[in-house]
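Report on the structure given below.
Residue numbers start from 1 in every chain, and the chains themselves are labelled A, B, ... in the order their sequence lines are given, proteins ahead of strands. Computed from a predicted model, the values in this text were never measured in an experiment.
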Amino acid sequence: MDIQLFNGLHDRLEIFKPIQPGKVTMYVCGPTVYDFVHIGNLRPLVVFDVLKKLFLALGYQVHHVSNYTDIDDRIIEKARKENVDEATIAKRYIQAYQQDVAKMNALLPDESPTVTEHLKAMITFIAKLIDEGFAYKTPSGDVFFRVNKIKQYGQLSHVDIHENKMGARVEVNPDKENPFDFALWKHTTQGITFEAPFGKGRPGWHTECVVMIKETFKQTLIDIHGGGFDLKFPHHENEMAQAQAAYQTPLANYWLHNGFINLNAEKMSKSTGNIFLAKDFLATYSGPLLRYLLLSTHYRMPVNISQLIIDNAQQELKKIQTGLAQLATFIQLNGGNISDQQAVPPLTFLAALADDINTSNALTILHQTFKETHALLRQTSPSIEVLLNRFFTIQAMLSILGLAIEFPILTADDRQLYADYVQAKSNQNFGRSDDIRKILHKRNILF
RNA sequence: GGUUCCUUAGCCAAGUGGUAAGGCAAUUGACUGCAACUCAAUCACCAUCGGUUCGAUUCCGAUAGGAACCUCCA
């Protein structure tokens with residue numbers, strides 16, 4: 001099955017062709033660990049997790065890397081404020097992030113490199129760019145990339161370096177040869193600093209991903225590079241420019257960007273306080289709910305979050321939860337054995353996801369399957385074998401979508417209680433049957 | 001100013017050059033001891049105005065409204 005992806009490099013849908021047949025190399029820009037992440041930070045996590053699971057389901061071998069930016073001005077600032085070192089801050093928020101990832105039921109990347117681990121390689125990389133004339137040192141000690149040397153610059157984000165509209169909003173550093181030139185190395189004496197042949201300082205953000213890709217994949221060109229839309233410029237454009245300079249490659253063949261999550265129809269922003277931290281959402285609601293919310297919209301479209309929309313999604317998710325629990329219960333009460341079993345999701349389901357990760361359509365197929373299954377359950381004596389088949393099919397779909405939906409595994413006590421319930425009802429002892437019903441309802445067995 | 005993008009029923013949302021998937025909510029009916037669950041049925045002139053076309057929600061242009069990026073940002 002062909003996978004079609006919207007490639008931001010060419011702004012069109014393209015059939016995915018891996019560099020090596022059957023293998024996918026995928027790098028997703030990870031969080032800067034200076035604070036707790038908000039729910040928007042979790043969108044790329046979900047999008048690329050589904051894509052990864054699709055690749056795996058289709059038999060690809062996936063090498064997935066996602067970094068932590070652990071050297072950054074905001075981290076340094078926070079460390080100074082709290083009077084601790086930068087590593088303490090980074091460690092704290094990496095741990096917090098990982099807890100969120102676990103709750104979102106996302107597969108961990110195969111590698112999660114950090115800037116501090118790859119500093120030496122970054123310094124070597126920057127030195128090479130200077131040697132080859134792609135970068136220059138300014139009197140103040142910064143090292144800038146020379147965008148004029150890259151004829152493809154602007155390919156990804158459609159910026160025109162000759163238009164020179166930059167500086168309309170921000171004062172341009174007079175040391176820059178071109179306003180679009182960006183820092184590879186910042187000379188500084190504040191916060192954590194590192195020794196380099198071109199001076200004491202710390203690396204700029206855009207270099208880390210280029211270097212980490214080379215270091216982790218041992219390749220200068222990978223298949224997929226992903227991240228949020230806002231990363232397109234300047235971050236990804238600048239990564240690509242460095243790769244063009246150092247490796248003569250565009251760094252990745254497919255550049256994927258997810259849309260934003262808005263809160264009450266406004267961009268999430270710390271300064272305005274319009275922000276929903278992931279840990280708060282996950283504590284108030286659940287991982288599956290956030291997953292469901294994100295999956296119901298195409299990944300390139302914005303998602304708006306409001307109380308109304310959350311409530312709505314909760315209703316929808318409840319249907320799936322109820323449906324799965326009912327199916328699981330019925331099968332077990334009728335002698336079926338629900339144990340782990342491999343099942344293949346419907347072809348239509350995979351095809352939906354293979355069509356530029358159309359999770360919305362994939363959910364439609366999930367809903368259809370539930371509807372058909374409910375119809376089966378209403379029959380007088382449905383085939384357990386057929387129902388089991390349905391159950392595993394649904395499980396396979398949920399697994400790719402990453403929706404961790406719980407269902408009951410009946411204990412002897414559950415079974416006895418259920419038998420009592422049926423008995424009480426047939427004896428028209430409704431007081432007792434209602435009591436038992438309440439217990440079974442709590443156990444996710446009766447509804 | 002430059003560059004992207006969006007506008008589909010009360011809500012969420014997919015999609016296509018030949019007259020609109022799916023879900024939630026709602027209404028009606030069935031099932032039930034009563035409920036719940038579930039099932040069935042009902043529920044859209046695809047922002048506006050032009051153009052191209054035998055035919056446009058789908059392509060092109062304009063208008064209105066909204067968003068993002070151009071500065072750290074998922």
Side-chain angles (χ1 to χ4, degrees), chain A residues 8 11 28-32 34 37-48 69 72-74 77 154 156-160 163-172 179-180 182 205 226-235 237 257-262 265-271 278 292-293 295-306 308-320 322-323 325-326 329 352 355 358-368 370-379 424-426 428-431 433-434 437-438 440-441 446-447:
Chain A
D11 282 332
V28 181
C29 289
T32 300
Y34 71 104
V37 298
H38 59 242
I39 51 177
N41 294 284
L42 262 27
R43 193 166 190 196
L45 181 81
V46 169
V47 168
F48 294 102
T69 299
D72 175 88
D73 289 357
R74 290 162 297 176
E77 194 190 318
L156 185 65
S157 58
H158 307 109
V159 298
D160 185 347
E163 273 279 322
N164 199 352
K165 290 283 183 192
M166 243 183 171
R169 291 170 61 188
V170 171
E171 206 174 316
V172 173
F180 281 94
F182 54 92
W205 177 38
F229 257 113
D230 55 326
L231 261 37
K232 214 169 180 182
F233 187 86
H235 188 51
E237 188 73 61
H257 299 99
N258 62 271
F260 266 41
I261 296 180
N262 295 321
E266 275 179 46
K267 183 182 166 172
M268 273 195 269
S269 157
K270 282 209 153 173
S271 50
Y292 189 88
L293 269 167
L295 294 174
S296 53
T297 305
H298 187 90
Y299 77 94
R300 284 189 279 120
M301 294 291 112
V303 170
N304 186 33
I305 301 272
S306 68
L308 191 73
I309 289 164
I310 290 173
D311 292 345
N312 198 332
Q314 249 172 338
Q315 288 291 337
E316 297 185 34
L317 185 62
K318 199 176 140 200
K319 293 265 175 182
I320 294 174
T322 305
Q326 270 183 321
T329 302
D355 178 18
N358 195 326
T359 49
S360 186
N361 280 339
L363 282 175
T364 292
I365 291 156
L366 181 68
H367 279 121
Q368 261 172 17
F370 267 113
K371 197 163 195 170
E372 290 163 13
T373 307
H374 283 135
L376 285 174
L377 283 171
R378 285 169 60 82
Q379 291 176 0
K425 267 216 311 184
S426 72
Q428 304 208 337
N429 185 351
F430 296 126
S433 72
D434 285 353
R437 183 208 269 166
K438 275 181 201 158
L440 289 175
H441 178 73
L446 269 187
F447 301 92

Margin query: Contact between A:Tyr292 and A:Ile320 at the side-chain level, heavy atoms closer than 4.5 Å - yes or no?
Written below: yes

Margin query: Starting the side chain at C-beta, find the nucleotide from B:G15, B:C37, B:G23 nearest to A:Asn361.
Written below: B:G15

Checklist line | A:Phe233 to A:Ser157 - nearest heavy-atom pair and separation | finding: CD1-OG, 3.2 Å

Notebook entry, point to check: Are any non-hydrogen side-chain atoms of A:Phe180 and A:Val159 less than 4.5 angstrom apart?
Noted result: yes

Item checked: Donor-acceptor pair present, A:Asn429 side chain and B:G33 base, under 3.5 Å -> no

Notebook entry, point to check: Starting at NE2 of A:His374 and ending at C1' of B:U38, how long is that distance when rounded to a whole Å?
Noted result: 6 Å

Note to self: Taking any heavy-atom pair under 4.0 Å as a contact, classify A:Gly227: base, sugar-phosphate, or nothing.
What the structure shows: sugar-phosphate

Checklist line | Phosphate-side-chain proximity, A:His367 and B:G23, N/O vs OP1/OP2 below 4.0 Å | finding: no

Item checked: A:Asp311 and A:Gln315, any side-chain heavy atoms less than 4.5 Å apart -> no

Next item on the list: Sticking with atom C1', work out how far B:C72 lies from B:A56, rounded to a whole angstrom.
Entry: 44 Å

Checklist line | A:His441 atom NE2, over 12 foreign heavy atoms within 6.0 Å | finding: no

Checklist line | Interatomic distance at C1', B:C37 relative to B:A44, whole Å | finding: 30 Å

Next item on the list: Measure from CD on A:Glu372 to C1' on B:A40 and round the result to the nearest Å.
Entry: 16 Å

Next item on the list: In plain terms, say whether A:Asp11 and A:Lys232 are close enough for a salt bridge, that is, a side-chain N and a carboxylate O under 4.0 Å apart.
Entry: yes

Notebook entry, point to check: Given atom CE of A:Met301 and atom C1' of B:G15, what is their separation to the nearest angstrom?
Noted result: 13 Å

Check: Which residue lies toward the 5' end of RNA chain B, A:Phe370 or A:Tyr34, if each is placed at its nearest nucleotide?
Finding: A:Phe370

Margin query: So is the aromatic ring of A:Phe260 stacked onto the base of B:A74, judging by whether the centres are under 5.5 Å apart and the planes are under 30° apart?
Written below: yes

Next item on the list: To the nearest Å, give me how far apart CG (A:Leu156) and P (B:U4) are.
Entry: 13 Å

Check: Expressed in whole Å, how much space separates the P atoms belonging to B:G61 and B:C24?
Finding: 39 Å

Note to self: Under 4.0 Å, heavy atoms only, any strand: does A:His38 hit a base, just the sugar-phosphate, or nothing?
What the structure shows: base

Note to self: I'd like the P distance from B:C60 over to B:U42, given in whole Å.
What the structure shows: 35 Å

Item checked: C1'-based separation of B:G66 from B:U48 [nearest Å] -> 15 Å

Margin query: Using a heavy-atom cut-off of 4.0 Å across all strands, would you classify A:Ile261 as base, sugar-phosphate, or nothing?
Written below: base

Next item on the list: Remember a base hit wins even if backbone is also touched, and classify A:Gly30 as base, sugar-phosphate or nothing at under 4.0 Å, heavy atoms.
Entry: nothing

Margin query: Go nucleotide by nucleotide along RNA chain B from the 5' end; which of A:Asn304 and A:Arg74 gets its closest nucleotide reached first?
Written below: A:Asn304

Check: Any donor-acceptor pair under 3.5 Å linking the side chain of A:Arg43 with the backbone of A:Phe260?
Finding: yes

Note to self: Taking pairing as Watson-Crick or G-U wobble with both contacts under 3.5 Å, can you name the mate of B:C49, or confirm there isn't one?
What the structure shows: B:G61

Note to self: For B:U42, give the paired nucleotide (Watson-Crick: N1-N3 plus N6-O4 or O6-N4; G-U: N1-O2 and O6-N3; both under 3.5 Å), or none.
What the structure shows: B:A26

Notebook entry, point to check: When all nucleic acid strands are considered with a 4.0 Å heavy-atom cut-off, which category describes A:Asp311: base, sugar-phosphate, or nothing?
Noted result: nothing

Next item on the list: State which of B:A74, B:A36, B:A14 makes the closest approach to the side chain of A:Phe447.
Entry: B:A36

Item checked: Nearest-angstrom distance, C1' atom, B:U27 to B:A21 -> 22 Å

Check: Looking at side-chain heavy atoms only, is the closest gap between A:Glu372 and A:Leu376 below 4.5 Å?
Finding: no

Check: What nucleic acid atoms does A:Ser269 come within less than 4.0 Å of, heavy atoms only: base, sugar-phosphate, or nothing?
Finding: nothing

Next item on the list: Using a 4.0 Å heavy-atom cut-off across all strands, classify A:Lys425 as base, sugar-phosphate, or nothing.
Entry: base

Next item on the list: Consider the side chain of A:Ser296, meaning its heavy atoms from C-beta on, and name the nucleotide among B:U3, B:C12, B:C37 that approaches it most closely.
Entry: B:C12

Margin query: Minimum heavy-atom separation for A:Thr297 and A:Pro302, please, with both atom names.
Written below: CG2-O, 3.8 Å

Check: If the P atom of B:C6 is compared with that of B:U16, how far apart are they to the nearest Å?
Finding: 13 Å

Next item on the list: For A:Arg437, answer base if it contacts any base atom (sugar-phosphate contacts may also be present), sugar-phosphate if it contacts only those atoms, and nothing otherwise; contact means non-hydrogen atoms under 4.0 Å.
Entry: base

Check: Starting at NZ of A:Lys232 and ending at C1' of B:A68, how long is that distance when rounded to a whole Å?
Finding: 11 Å

Next item on the list: Measure from the side-chain heavy atoms of A:Asp434 and tell me the nearest of B:A68, B:G33, B:A74.
Entry: B:G33

Check: A:Arg378 CZ to B:U38 C1': how many Å, rounded?
Finding: 5 Å

Checklist line | Base-pairing assignment for B:C5 (Watson-Crick or G-U wobble, both under 3.5 Å) | finding: B:G66

Note to self: For a quick check of understanding: with a heavy-atom distance under 4.0 Å over all strands, which category does A:Lys319 fall into, base, sugar-phosphate or nothing?
What the structure shows: sugar-phosphate

Margin query: Under 4.0 Å, heavy atoms only, any strand: does A:Gln315 hit a base, just the sugar-phosphate, or nothing?
Written below: sugar-phosphate

Notebook entry, point to check: Does any nucleotide pair with B:U16 by Watson-Crick or G-U wobble geometry, both distances under 3.5 Å, and what is it?
Noted result: none

Check: Counting just side-chain N and O atoms, does A:Lys371 come under 4.0 Å of either OP1 or OP2 of B:A40?
Finding: yes

Note to self: Please confirm whether the shortest side-chain N or O distance from A:Thr364 to OP1 or OP2 of B:A21 is below 4.0 Å.
What the structure shows: no

Item checked: Any A:Asn358 side-chain N or O less than 4.0 Å from OP1/OP2 of B:G15 -> yes

Item checked: Partner nucleotide, any strand, of B:G33 [Watson-Crick/G-U, under 3.5 Å] -> none

Checklist line | Rounded distance (Å) that lies between atom P of B:C39 and atom CG of A:Leu377 | finding: 10 Å

Check: When the P atoms of B:U58 and B:U53 are considered, how many whole Å apart are they?
Finding: 16 Å

Notebook entry, point to check: Tell me: CG of A:Asn258 to C1' of B:A68, nearest whole Å?
Noted result: 13 Å

Check: Quick one: is A:Asn312 getting a side-chain N or O under 4.0 Å of the B:C24 phosphate, OP1 or OP2?
Finding: no

